Chemist: 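Structure incoming, see below.
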There are 2 protein chains.
Amino acid sequence: MATIHDVAARAGVSPATVSRFLRGQRVRSPEAIQAAVDELGYWPSAAAQSLKSGRTRTIGAVVPDITNPYFAAVVKGMESVARRQRYRILLANSEESSEQEDEVIADMVRQVDGVILAPATEQDQTPMHVRDADVPMVFLDRDLADGEQFDAVLVDNYDGARQAAAHLLGLGHRRIAAISGNQDTTPGRCRRDGFVETLAAAGIDIRPDHDLIGDFREASGYQLTMVLLSLPEPPTAIFTANNLMTLGALKALHDMRVDIPAQISLIGFDDLDTGPLLRPPLTVIDRPMVEQGVLAMRLLLRRFDEQYADDIPRRIVLDTKLVERASTAPPQEETELPGRRTGRTRSL
Amino acid sequence: MATIHDVAARAGVSPATVSRFLRGQRVRSPEAIQAAVDELGYWPSAAAQSLKSGRTRTIGAVVPDITNPYFAAVVKGMESVARRQRYRILLANSEESSEQEDEVIADMVRQVDGVILAPATEQDQTPMHVRDADVPMVFLDRDLADGEQFDAVLVDNYDGARQAAAHLLGLGHRRIAAISGNQDTTPGRCRRDGFVETLAAAGIDIRPDHDLIGDFREASGYQLTMVLLSLPEPPTAIFTANNLMTLGALKALHDMRVDIPAQISLIGFDDLDTGPLLRPPLTVIDRPMVEQGVLAMRLLLRRFDEQYADDIPRRIVLDTKLVERASTAPPQEETELPGRRTGRTRSL
DNA sequence: CTGAAAGCGCTTACAG
DNA sequence: CTGAAAGCGCTTACAG
């Protein structure tokens with residue numbers, strides 16, 4: 001591979017001049033240098049550049065799970081902004097594990113100019129690594145206990161859950177269950193709090209056996225829904241705190257031949273591409289996805305600008321929106337579940 | 001940030017010895033060095049390492065669209081193998097554009113040890129860049145015209161489409177439409193060929209107005225389905241050549257209040273997470289996803305092993321599988337479409 | 001086993 | 001505007 005010396009030799013100038021030309025400075029023989037670059041197919045070595053300059057033009061993106069459509073969309077948003085500014089993206093999955101996240105970040109933090117992180121939990125050590133490396137970081141979707149020191153792009157999880165609860169209450173539901181996410185994550189906690197407290201404010205204390213904690217994965221949505229269905233008095237409505245658990249709940253309800261929304265209403269946090277096409281079309285709390293990635297990347301790149309490098313942390317909180325489709329309805333007078341063997345069944 | 005010199009000074013040895021210790025060689029005072037590393041929180045500079053060694057322990061992954069669940073799953077598979085071997089992943093979206101792909105690859109090829117590429121089209125210049133950089137490459141999902149010179153992980157697209165056609169023929173359909181993908185991609189061509197030729201072998205020449213070419217995106221699935229529905233004689237069954245176009249077709253059929261499968265059967269290439277939960281549950285041609293990413297990464301890492309570096313290209317072709325659900329059924333005697341205004345309507 | 005030294009490919013004050 | 005030179009942080013023959 002051609003080096004800057006090869007280009008210099010061919011163009012009859014010094015490597016320093018080639019370097020200057022490449023960074024857009026005015027030089028005496030731009031044509032000759034450009035010709036040499038073209039003929040040799042020269043492309044600078046990123047390793048050498050970053051060793052020298054201390055900048056890598058690379059951003060680390062760490063998400064719990066890239067196959068979650070929410071995070072895939074977020075990464076796409078990040079990528080589109082980054083590419084336009086000639087930054088690259090180093091992608092890592094933490095698989096919802098703080099340990100894996102810490103490891104991955106420790107490894108990448110030395111070779112990126114900044115990090116965008118959707119933390120696995122609120123307790124991880126990440127900020128230490130990142131602060132040691134003195135690299136800007138933006139939190140996305142989730143926050144840390146001492147997160148206020150960093151830029152962040154979040155949504156109003158509490159209010160989103162409040163909207164969900166208000167919607168179910170408005171329909172007349174009283175026996176309402178929640179399948180929440182990990183309580184050591186911000187969205188996990190805020191969504192549960194927003195939901196439970198809104199019920200409480202309406203005079204309804206959620207029953208302990210209707211107040212279930214999952215882990216944001218599909219399997220836990222499925223299993224906990226099964227638990228709810230096996231209760232002596234199952235709920236007439238279920239709130240699931242993210243897209244994957246909503247899918248799990250939907251599968252469980254299908255498997256048990258529960259009629260949605262006639263027998264049980266279902267409302268989830270996060271929309272899905274297929275949301276309108278599902279049986280039934282899902283009522284959800286929607287939030288921006290690609291846009292969150294775009295905003296996070298902009299916030300991060302902004303920190304590379306001397307002018308803003310030391311600004312106080314900016315925290316962008318986006319609104320959620322209730323999307324009413326067909327999975328929620330007023331409760332039936334008398335709720336019969338097929339699992340209860342009341343004689344009546346209904347096929348979907 | 002601490003450098004190897006700092007560690008050496010603190011441990012009372014030379015940088016060379018620290019370097020050797022770090023790579024697992026036997027040294028005289030391992031404890032002192034380890035202590036110095038720990039106390040200083042030392043982590044080697046990746047830039048310096050790769051400048052010196054010529055290896056980056058980074059793999060470039062280029063996919064047309066990370067929000068396509070298929071590619072998200074594939075990237076996840078790649079990532080899990082890479083992480084275990086302490087490789088990192090540089091992710092780029094080509095957005096189904098050869099130009100963007102070439103640009104992105106030219107930029108990353110100097111700073112990765114290898115590339116896994118799902119090419120946007122069969123005509124792009126990518127192999128040139130990659131060959132110039134003398135970096136191993138593995139093709140994934142899609143092939144290039146001269147792709148035989150590279151490792152590849154593919155599925156038997158032709159046979160998958162054949163299965164889809166055979167399934168519809170077996171149900172008794174004769175007026176069958178195909179919404180294919182870009183014909184300058186391998187899957188686009190093979191799936192159309194497999195489908196059309198299987199029909200032809202059964203004595204059915206697909207009608208030109210039923211033989212539509214889309215671009216693998218949801219919008220084209222939607223639009224082309226609308227076109228089919230507006231035909232004087234619409235098909236009784238539709239084959240869509242990938243997951244996103246299937247979703248688009250499903251939306252169009254819903255919007256036009258077409259009863260699936262009573263009025264029109266739908267079969268798609270690629271399964272979806274929500275496949276079983278859709279209205280109706282989709283009959284699809286399924287193929288491995290995460291597994292393809294895993295295999296591609298293994299093939300690539302294998303090339304870094306001197307022993308296999310010069311082996312002839314390995315091409316892994318995986319089988320597809322028909323998953324029968326509820327979106328396909330025998331054609332109705334008399335097909336009425338609501339769009340045709342026959343007086344009857346049916347709500348879903 | 002160890003250390004001094006060269007060098008990977010750049011960038012950037014410095015002197016001209 | 002230009003070039004010689006130093007140096008970014010490592011690794012690795014080389015000599016001991």
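Residue numbers begin at 1 in each chain, while the letters A, B, ... track the order of the sequences. Computed from a predicted structure; not experimentally measured.
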Chemist: Would you name the heavy atoms of B:A47 and A:L51 that are closest together and state the gap between them?
Modeler: CB-N, 3.9 Å

Chemist: Report yes if some heavy atom in the side chain of B:I59 is under 4.5 Å from a heavy atom in the side chain of B:L90; otherwise report no.
Modeler: no

Chemist: How does DNA chain C look in dot-bracket notation if pairs are Watson-Crick or G-U with both distances under 3.5 Å, crossing ones as [ ], other-strand ones as |?
Modeler: |||.||||||||.|||

Chemist: Looking only at side chains, do B:E122 and B:T186 share a donor and an acceptor under 3.5 Å apart?
Modeler: yes

Chemist: Can you identify which nucleotide, out of C:dC10, C:dT2, D:dG9, has its nearest atom closest to the B:T3 side chain?
Modeler: D:dG9

Chemist: Output the rounded distance in Å from CD (B:Q111) to P (C:dG9).
Modeler: 15 Å

Chemist: Give the table of side-chain donor-acceptor pairs shorter than 3.5 Å for residues 27-36 of chain B, with sequence neighbours excluded, one pair per line with atom names and distance.
Modeler:
{"unit_1": "B:Q34", "atom_1": "NE2", "unit_2": "B:D38", "atom_2": "OD1", "d": "3.0"}

Chemist: List in numerical order all residues of residues 4-15 of chain A for which some heavy atom is under 4.0 Å away from an atom belonging to DNA chain D.
Modeler: A:V13, A:S14

Chemist: How about B:T185 and B:T121: does a side-chain donor come under 3.5 Å of a side-chain acceptor?
Modeler: no

Chemist: Could you state the CZ-P distance from B:R23 to D:dC10, rounded to the nearest angstrom?
Modeler: 11 Å

Chemist: Taking atom P of D:dT12 as reference, at what distance in whole Å does atom CZ of B:F21 sit?
Modeler: 17 Å

Chemist: Does anything in residues 32-47 of chain A come within less than 4.0 Å of DNA chain D? Heavy atoms only, and list the residues if so.
Modeler: none

Chemist: For the rings on B:Y70 and B:F216, is their centre-to-centre separation under 6.0 Å?
Modeler: no

Chemist: What heavy-atom pair brings B:V317 and B:V155 nearest, and what distance separates the two atoms?
Modeler: CG1-C, 3.9 Å

Chemist: With C1' as the reference atom in both, quote the distance from D:dG16 to D:dT12 in angstrom, rounded to an integer.
Modeler: 16 Å

Chemist: Please name the pair of heavy atoms, one in A:A8 and one in A:S14, separated by the smallest distance, quoted to 0.1 Å.
Modeler: CB-C, 3.6 Å

Chemist: Rounded to the nearest 0.5 Å, what separates atom CZ in A:F139 from atom CG in A:L117?
Modeler: 5.5 Å

Chemist: Toward the 5' end of DNA chain C, which comes first, A:A48 or B:R26, by nearest nucleotide?
Modeler: B:R26

Chemist: Return yes if a side-chain donor-acceptor contact under 3.5 Å exists between B:R302 and B:Q307, otherwise no.
Modeler: no

Chemist: Report yes if some heavy atom in the side chain of B:V75 is under 4.5 Å from a heavy atom in the side chain of B:L91; otherwise report no.
Modeler: yes

Chemist: Flag this pair as yes if the NZ/CZ of B:R55 is under 6.0 angstrom from the six-membered ring centre of B:F304 and inside a 45 degree cone about the axis; otherwise no.
Modeler: yes

Chemist: Please check the phosphate of C:dT11 (OP1 and OP2 only) for any side-chain N or O of A:Q49 closer than 4.0 Å.
Modeler: yes

Chemist: Near DNA chain C, counting only heavy atoms under 4.0 Å, which residues of residues 51-60 of chain B show up?
Modeler: B:L51, B:K52

Chemist: Under 3.5 Å, is there a donor-acceptor pair between the A:R83 and B:Q100 side chains?
Modeler: yes

Chemist: Of the non-hydrogen atoms in B:P119 and B:R142, which two are nearest, and what is the gap between them?
Modeler: O-CD, 2.8 Å

Chemist: Of the non-hydrogen atoms in B:V104 and B:A92, which two are nearest, and what is the gap between them?
Modeler: CG1-CB, 3.3 Å

Chemist: Looking only at non-hydrogen atoms, find the nearest pair between B:D107 and A:R86 and report the distance.
Modeler: OD1-NH2, 3.7 Å

Chemist: Listing time: all N or O pairs from protein to nucleotides 13-16 of chain C that are below 3.5 Å?
Modeler:
{"unit_1": "C:dA13", "atom_1": "N6", "unit_2": "A:R20", "atom_2": "NH2", "d": "2.9"}

